[in-house]
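We're numbering straight along the sequence, starting at 1.
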Amino acid sequence: MSQGINNEMAASKSRRIVKKLRWWMLVLFLFGVTVNYITRNSLGILAPELKSSLGITTEQYSWIVGAFQLAYTLFQPLCGWLIDVIGLKVGFMVCAIIWALACIFHAGAANWVHLAILRFTMGASEAAATPANAKTIGEWFPKTERPVAAGWAGVGFSIGAMLAPPIIYFAHASFGWQGAFMFTGVLALVWVILWWAFYHNPDKHPNLGKDELAFIQQDHEPPAVKLPFLTALKTVSKNKRFYGIAIPAFMAEPAWAVLSFWVPLYLAKEYGMDLKQIAMFAWLPFLAADLGSVASGYLTKLYTRWFGCTRVNSVVASSVTGAFLMISLAVVAITRDPYITIVLISIGGFGHQIISCMLSALVVESFDKGQMATVNGMRGSAAWIASFLFSLLIGVTADKIGFNPLFIAMGFFDLIGALFLVSFIAERRAKRA
């Protein structure tokens with residue numbers, strides 16, 4: 001008996017306890033999402049040279065981009081279910097290995113068909129990022145900290161887009177376009193090694209102290225129930241709260257698609273900016289988006305402190321605040337100053353990330369651990385369907401009617417989404433009594 005106690009004490013002394021380990025795990029995940037966005041944005045940055053070197057037409061390039069978007073839309077629920085069933089560590093790692101190898105294989109592409117196949121593969125595997133986001137927050141944070149954690153986790157999604165241009169530019173200058181793809185793919189593999197070495201579930205992590213584990217598990221949530229894929233989709237689809245999250249996500253994503261794919265073209269067409277001028281300003285909306293991600297969780301605390309909102313209602317109120325900020329995009333249509341335009345679009349980036357992060361927080365808040373990744377994957381699919389359709393709409397109408405009507409629409413989309421959020425998710429006073 002005493003020998004067993006002594007062995008346990010010796011084992012406890014031999015392992016190093018890391019304070020606030022949950023935040024270090026979030027940083028590790030954030031790095032993974034950042035690499036995810038660097039690899040996915042490599043194509044867009046290298047597109048001019050690829051079109052020239054491989055003889056790719058604009059229409060063929062649109063099919064390459066569409067292959068990624070289609071795969072990303074279709075595979076988010078499947079990736080989420082996979083992570084729910086086999087676990088976050090192995091599930092996310094497998095997907096990361098696939099997207100890293102697909103990125104490296106871009107270097108051997110000889111035509112647009114090769115690139116389309118590789119981008120479809122990359123889109124299918126990179127779709128794991130959104131569901132993994134919810135799973136990480138749900139596993140490592142108690143409910144009181146999840147909105148703030150969701151805000152910080154959202155930083156990776158926009159900081160990757162912000163860091164991609166200089167990293168790809170450096171890699172291209174040093175190794176050529178083939179080497180740039182290989183460099184970013186290897187970068188992803190390096191992160192995979194770090195993830196495998198340092199990530200463990202809270203109840204198995206050798207560096208997590210008992211006090212912090214008790215803090216993480218303070219809500220006493222029931223053990224995760226693992227369901228077959230179609231059963232999981234059917235179960236979620238019957239839950240009204242899912243539509244209170246999915247519809248606002250559908251309404252919000254067109255703005256992010258515009259920031260990611262169309263703002264540089266808009267600045268060139270409407271204001272005659274050259275590549276150097278675009279490079280000087282196009283990153284600012286993503287910086288604003290980073291700030292919006294961080295601010296979103298702390299905004300929930302203000303609503304709780306100032307207005308006595310419940311935890312759920314504070315998250316809803318924070319998201320609605322982001323929806324009102326999106327009106328700045330509608331104002332873009334009535335200004336002719338390029339610098340004011342950049343500021344207004346940046347306010348939109350700030351507001352969008354508040355909405356996006358709070359929708360992730362609501363997934364974690366509203367569904368049990370066995371469904372979080374699946375639900376966030378389904379939410380992501382709803383968002384990317386809107387992104388795909390709106391991009392097609394821009395391609396068909398922008399040359400005919402210009403961008404201004406589209407900016408006006410984006411300015412009010414999120415207010416429509418906010419109505420569904422309040423109707424389906426917000427808690428009523430009678431319920432709290």
Taking atom [atom1] of [X] as the centre, report whether more than 12 heavy atoms of other residues, nucleotides or ligands fall under 6.0 Å from it.
| X | atom1 | result |
| --- | --- | --- |
| W112 | CH2 | yes |
| M182 | CE | no |
| W195 | CH2 | yes |
| K89 | NZ | yes |
| F420 | CZ | no |

At their closest point, which heavy atom of [X] faces which heavy atom of [Y], and how far apart are they?
| X | Y | result |
| --- | --- | --- |
| L329 | I345 | CD2-CA, 3.9 Å |
| A180 | A171 | CA-CB, 3.8 Å |
| L259 | G349 | CD2-CA, 3.8 Å |

Using ring pair (Phe, Tyr, Trp, His ring centres under 6.0 Å) as the criterion, point out the one residue from Y37, F286, F390 that pairs with W256.
F286

Can you check whether [Y]'s main-chain N or O pairs, donor with acceptor, with [X]'s side chain at less than 3.5 Å?
| X | Y | value |
| --- | --- | --- |
| N207 | V18 | no |
| D368 | Q371 | yes |
| S318 | S296 | yes |
| D219 | K143 | yes |
| E253 | F250 | no |
| T184 | F181 | yes |
| D414 | G417 | no |
| S53 | L50 | no |
| N313 | E427 | yes |
| N201 | D203 | no |

Student check: side-chain heavy atoms of [X] and [Y] closer than 4.5 Å:
| X | Y | result |
| --- | --- | --- |
| F229 | L78 | yes |
| T73 | F68 | no |
| L54 | L115 | yes |
| W152 | V148 | yes |
| L30 | L26 | no |
| N376 | S360 | yes |
| F413 | M326 | no |
| W99 | N36 | yes |

Between R22 and E212, does at least one N-O distance fall below 4.0 Å, as a salt bridge requires?
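Salt bridge flag = yes for E212 with R22.
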
Pairing of R146 and E365 as salt bridge, 4.0 angstrom limit:
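Salt bridge absent between R146 and E365.
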
Ring center gap for [X] and [Y] short of 6.0 angstrom:
| X | Y | result |
| --- | --- | --- |
| W191 | F31 | no |
| F403 | Y266 | yes |
| F92 | Y199 | no |

Can you spot which of D84, I83, V85 makes a side-chain contact (heavy atoms from CB on, under 4.5 Å) with W81?
V85

Atom pair [atom1]/[atom2] of [X] and [Y] - distance to nearest 0.5 Å:
| X | Y | atom1 | atom2 | answer |
| --- | --- | --- | --- | --- |
| L43 | H106 | CG | NE2 | 6.0 Å |
| S366 | K240 | OG | NZ | 12.0 Å |
| T304 | R311 | OG1 | CZ | 9.0 Å |
| I355 | F350 | CD1 | CZ | 11.5 Å |
| M378 | T130 | CE | OG1 | 14.0 Å |
| I38 | C103 | CD1 | SG | 10.5 Å |

Selection residues 319-330 - residue pairs positive for side chain to side chain donor-acceptor pair (under 3.5 Å), sequence neighbours left out:
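Listed once each, the pairs are Y303-T321.
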
Under the salt bridge (Lys or Arg N to Asp or Glu O under 4.0 Å) test, residues paired with R119 that sit two or more places apart:
none

Show your working on side chain to side chain contact (heavy atoms under 4.5 Å, CB included) between W140 and H205 and close with a plain yes or no.
CA-CA 11 Å; W140 276 95; H205 206 294; 4.0 Å; yes

Contacts of H114 meeting ring pair (Phe, Tyr, Trp, His ring centres under 6.0 Å) (sequence neighbours excluded), chain-then-number -> none

Walk me through it: do Q353 and S293 pass the test side-chain hydrogen bond (donor to acceptor under 3.5 Å, both in side chains)?
CA-CA 5 Å; Q353 279 303 90; S293 295; 3.1 Å; yes

